[in-house]
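As structure tokens, the structure follows; a few thoughts come after it.
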Amino acid sequence: LVEIRKQCSIPSDASVRVFHGTSRLLAETSLDDIGVAEGSQLTLIVCRTPRCVIASVDGTAKLWDAFSGECLQTFDGHEDEVHSAVFSPDGQRVLTGSGDGAAKLWDVASGECLHTLELESVILS
């Protein structure tokens, strides 16, 4: 499984499952153990840990692990309530909008604010 993860450039925060038919390749098994032969088809399933981002009246947005309930990151930098927070399509960035009239783009991994767009009105969505 380690070699498959490397060859397919699978992120470290994702779980990987490999199947041959209904037989699952486990860490302690080999492809031969589950009946894989030359020309066999395998199914690769990659699942990223479900995360959610939540806007807050305290001027922050928080990134949560949906399974464990652990707060993974706090995006802090607005001067008023954060009304909206959304992920970029690739999940690597978060965009927040606030009552302070600013929209901020954040890096999910570091929590760093990458860019601030100042507007003349409250951002609601």
**Request:** Considering non-hydrogen atoms only, spot the tightest contact between Gln73 and Ala109 and give its length.
**Result:**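 Shortest heavy-atom contact: NE2-O, 3.1 Å.
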**Asked** Considering all heavy atoms of both residues, which atom of Ser98 and which atom of Glu81 are nearest to each other, and what is their separation?
**Response**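 Residues Ser98 and Glu81, closest heavy atoms: OG-O, 2.8 Å.
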**Request:** Decide whether Thr60 and His78 meet the rule of one side-chain donor and one side-chain acceptor closer than 3.5 Å.
**Result:**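 Thr60 vs His78: no donor-acceptor pair found between side chains.
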**Prompt:** Does one side chain, of Lys62 or Thr74, offer a donor that lies under 3.5 Å from an acceptor on the other?
**Reply:**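 Checked: Lys62/Thr74 side chains pair up, N/O donor to acceptor below 3.5 Å.
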**Prompt:** Salt bridge check: are Asp65 and Arg51 linked by an N-O gap of less than 4.0 Å?
**Reply:** no
**Message:** Under 4.5 Å side-chain heavy-atom separation, chaining through any Ile, Leu, Val, Met, Phe, Trp or Tyr, what else clusters with Val53? Say none if it is isolated.
**Reply:**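 Its cluster mates, by chain and number, are Leu63, Leu72, Phe75, Phe87, Val94, Trp106, Val108.
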**Asked** Which ILVMFWY residues can you reach from Trp64 by hopping between side chains whose heavy atoms are under 4.5 Å apart?
**Response** Ile54
**Prompt:** Are Leu117 and Leu114 connected in the hydrophobic side-chain network, where two residues link if heavy atoms are under 4.5 Å apart?
**Reply:** no
**Residues which pass side chain to side chain donor-acceptor pair (under 3.5 Å) with Asp33, listed by chain and number, not counting sequence neighbours** =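 For Asp33 the side chain to side chain donor-acceptor pair (under 3.5 Å) partners, ignoring immediate neighbours, are Ser30.
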**Asked** Hey, is the main chain of Ala85 close enough, under 3.5 Å, to the side chain of Thr96 for a donor-acceptor pair?
**Response** no
**Prompt:** Can you list the steps and then say if Ser56 with Val82 is a side-chain contact (heavy atoms from CB on, under 4.5 Å)?
**Reply:** CA-CA 5 Å; Ser56 177; Val82 176; 5.7 Å; no
Are [X] and [Y] side-chain neighbours, meaning at least one heavy-atom pair lies under 4.5 Å?
| X | Y | answer |
| --- | --- | --- |
| Arg24 | Leu26 | yes |
| Arg93 | Asp107 | yes |
| Leu42 | Leu31 | yes |

